[in-house]
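Predicted model only: the values in this text are computed from it and were never measured.
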Amino acid sequence: MSTQFQYVQSYAAMVRAYLAAFPEDEAVARSVGGDFEHFGVLEHSILRQFGLKPTSSVIDVGCGSGRLTSQLTRYPKLSYLGLDVVPELLDYNRRKAARPDFKLELIAGNSIPAPDASADFVTYFSVFTHLLHEESYAYLEQTHRVLKPGGRVIFSFFEFAVEGLWGVFEGNVDWVRKRSFLGHINVFMHAADLRIWARRLGFKVIAFKRGDLPAIKVTEATATEKVQVGLHMLGQSFCVLEKPRPGEAAS
Ligand SMILES: C[S@@+](CC[C@H](N)C(=O)[O-])C[C@H]1O[C@@H](n2cnc3c(N)ncnc32)[C@H](O)[C@@H]1O
């Protein structure tokens, strides 16, 4: 029996199919969905908005091609661990985005190879969108372990309340209708349920932001020519949870 979940294999298979059909940059862009710089700037801006410091230690689970990685190389004292299940994406990240001292590791899924209470931030951008709820929950248990007290986890998710995400769901339904599953799973979550998860896992809820509202502050510090200063939306919703400090209550 395989030691990897079907959806880990399906993500890797999708990346390999794109690499066989397109030039590398295009194949990788298709594999992670969307523009490298645009999403990198938005992800970096979210981290800054929710407390990133130049000396933070960041674990980026499902780091992929390095959209966030590349934005974080500007902080000489920041420590970074990027984890992913697809070797080809890690290899691209290593060549095109990461700094030599940034660590990039291949994982089998569901485990975070980091000591207890060692991270200021753990991120999952567009990762829980492709996992079963049980796997995301297990990742959040691990996240609680590796975060320092006061450390934060940021993850994005698909939710039905965001009209623009219905196309993703309708695509899933179409796969079922035609019995032709050509990609990876796309999973929806609900903010109300995630509040229950936060309570059970012992996190404090810091923020829920809908993907269709301009909730991301791109500042002088994070803007580029392509992604300018102002309020932007991610498309996906996102959530910020915090591991309480000793004596502090969870949600
Ligand atoms: C849509 S991409 C997002 C990549 C990156 N976070 C970004 O925003 O550019 C999803 C990423 O999650 C990774 N992934 C899929 N299943 C995973 C799992 N079980 N654990 C960790 N990463 C996973 C994929 O290989 C891919 O790199």
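- For the atom pair CD of Glu26 and CG of Leu19, the computed distance is 11.0 Å after rounding to the nearest 0.5 Å.
- Defined by atom type and a distance below 3.5 Å, a donor-acceptor pair is present between the side-chain atoms of Glu37 and Thr224.
- By the rule that hydrophobic residues join a cluster once side-chain heavy atoms approach within less than 4.5 Å of another member, Leu140 and Phe238 end up as members of separate clusters.
- When ring centroids are compared, Tyr124 and Phe155 stay outside the 6.0 Å threshold.
- Closest approach of Leu90 to Leu104, counting heavy atoms only: O-CD1, 3.9 Å.
- Residues Lys226 and Asp35 form a side-chain contact, since some pair of their non-hydrogen atoms from C-beta on lies under 4.5 Å apart.
- Although no hydrogens or angles enter the test, the distance criterion places a donor-acceptor pair under 3.5 Å between the side chain of Asp84 and the main chain of Gly64.
- Aromatic rings of Phe169 and Phe160 (six-membered ring for Trp) have centroids within the 6.0 Å cut-off, being under it.
- To the nearest 0.5 Å, atoms OH (Tyr80) and CZ (Phe121) are separated by 14.0 Å.
- In this structure, the side chain of Ser70 engages the main chain of Gly66 through a donor-acceptor pair within 3.5 Å.
- With contacts defined as side-chain heavy-atom distances shorter than 4.5 Å, the pair Ser237/Phe208 does not qualify.
- Heavy atoms only, all atoms of each residue included: Ile216 and Leu42 are closest at CG2-O, 3.8 Å.
- Linking ILVMFWY side-chain heavy atoms closer than 4.5 Å, directly or via other members, places Leu89 and Leu68 in two distinct hydrophobic clusters.
- Each of Asp120, Val122, Leu81, Val146 was checked for a side chain to side chain contact (heavy atoms under 4.5 Å, CB included) with Ser57, and the lone residue meeting it is Asp120.
- Nearest heavy atoms, Gly211 versus Val162: N-CG2, 3.9 Å.
- Phe128 and Tyr139 have parallel rings, their planes meeting at less than 30° on a 0 to 90° scale where 60° marks the start of perpendicular.
- Here Leu213 is tied to no hydrophobic group at all, with no ILVMFWY side chain closer than 4.5 Å.
- Two residues are said to be in side-chain contact when any heavy atoms from C-beta on lie closer than 4.5 Å; Arg200 and Tyr137 meet this criterion.
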| task | Kindly determine whether Leu241 and Ile206 satisfy side chain to side chain contact (heavy atoms under 4.5 Å, CB included), including the steps that lead there. | result | CA-CA 5 Å; Leu241 306 176; Ile206 301 298; 5.9 Å; no
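- Within the 4.5 Å cutoff, the side chain of Val187 has no heavy atoms near those of the Leu131 side chain.
- Here the side chains of Asn93 and Arg95 are not in contact, with every heavy-atom distance at 4.5 Å or above.
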| message | Walk me through whether Trp197 and Met189 qualify under side chain to side chain contact (heavy atoms under 4.5 Å, CB included). | response | CA-CA 11 Å; Trp197 285 27; Met189 293 169 137; 3.7 Å; yes
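- Surrounding NZ of Lys217 are at most 12 heavy atoms belonging to other residues, nucleotides or ligands under 6.0 Å away.
- Side chain to side chain, Glu43 and Thr123 fail the donor-acceptor criterion of an N or O pair below 3.5 Å.
- With hydrogens and angles disregarded, no donor-acceptor distance shorter than 3.5 Å links the side chain of Ser56 to the backbone of Leu52.
- Taking every heavy atom of both residues into account, Gln142 and Asn110 meet most closely at CG-O, 3.7 Å.
- Formation of a donor-acceptor pair under 3.5 Å by the Arg30 side chain with backbone atoms of Phe22 is not found in this model.
- A centroid separation of 6.0 Å or more is found between the aromatic rings of Phe188 and His133.
- Cluster annotation: Leu234 is not connected to Val168 through the hydrophobic network of ILVMFWY side chains, with a link wherever side-chain heavy atoms come within less than 4.5 Å.
- Although no hydrogens or angles enter the test, the distance criterion places no donor-acceptor pair under 3.5 Å between the side chain of His144 and the main chain of Lys243.
- In this structure, Arg145 contributes its side chain and Ile112 its backbone to a donor-acceptor pair below 3.5 Å.
- The salt bridge (charged side-chain N to carboxylate O under 4.0 Å, His left out) test applied to Lys209 returns no partner, not counting sequence neighbours.
- Applying the ring pair (Phe, Tyr, Trp, His ring centres under 6.0 Å) test to His38 and every residue at least two apart in sequence or in another chain returns nothing.
- The CG atom of Leu201 sits 6.0 Å away from the CD atom of Glu141 when rounded to the nearest 0.5 Å.
- Leu83 and Leu47 are not part of a single hydrophobic cluster, where members link through side-chain heavy atoms under 4.5 Å apart.
- Looking at Arg16 and Glu88, their side chains come closer than 4.5 Å, going by heavy atoms from C-beta outward.
- Side chain of Thr129 to main chain of Phe158: no donor-acceptor pair is present (N/O by atom type, distance under 3.5 Å, no hydrogens or angles).
- Listed here is the closest heavy atom pair of Ser31 and Tyr18: OG-CD1, 3.6 Å.
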| field | Trace of the side chain to side chain contact (heavy atoms under 4.5 Å, CB included) decision for Ile46 with Phe125 | value | CA-CA 11 Å; Ile46 293 172; Phe125 283 109; 3.9 Å; yes
| task | Start with the C-alpha distance between Leu78 and Thr55, add both sets of side-chain angles, then the distance that settles side chain to side chain contact (heavy atoms under 4.5 Å, CB included), and finish with yes or no. | result | CA-CA 4 Å; Leu78 182 137; Thr55 53; over 6 Å; no
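- For the atom pair OG (Ser65) and CG (Asp91), the distance works out to 12.0 Å, reported to the nearest 0.5 Å.
- Between Leu72 and Tyr75 there is a side-chain heavy-atom pair separated by less than 4.5 Å.
- The 12-atom threshold is exceeded at CZ of Arg99, counting heavy atoms of other residues, nucleotides or ligands nearer than 6.0 Å.
- Under the 4.5 Å side-chain heavy-atom criterion for grouping Ile, Leu, Val, Met, Phe, Trp and Tyr, Val61 is not connected to Ile154 through any hydrophobic cluster.
- Of all non-hydrogen atoms in Ala250 and Pro244, the two that sit nearest each other are CA-CG, 3.9 Å.
- Using a 4.5 Å cut-off on side-chain heavy atoms (C-beta onward), Glu220 and Val229 make contact.
- Although no hydrogens or angles enter the test, the distance criterion places a donor-acceptor pair under 3.5 Å between the side chain of Gln49 and the main chain of Ala215.
- Taken from CZ in Phe39 to CZ in Arg67, the straight-line distance is 6.0 Å, to the nearest 0.5 Å.
- Rounding to the nearest 0.5 angstrom, the gap separating the CD1 atom in Ile59 from the NZ atom in Lys103 is 9.5 Å.
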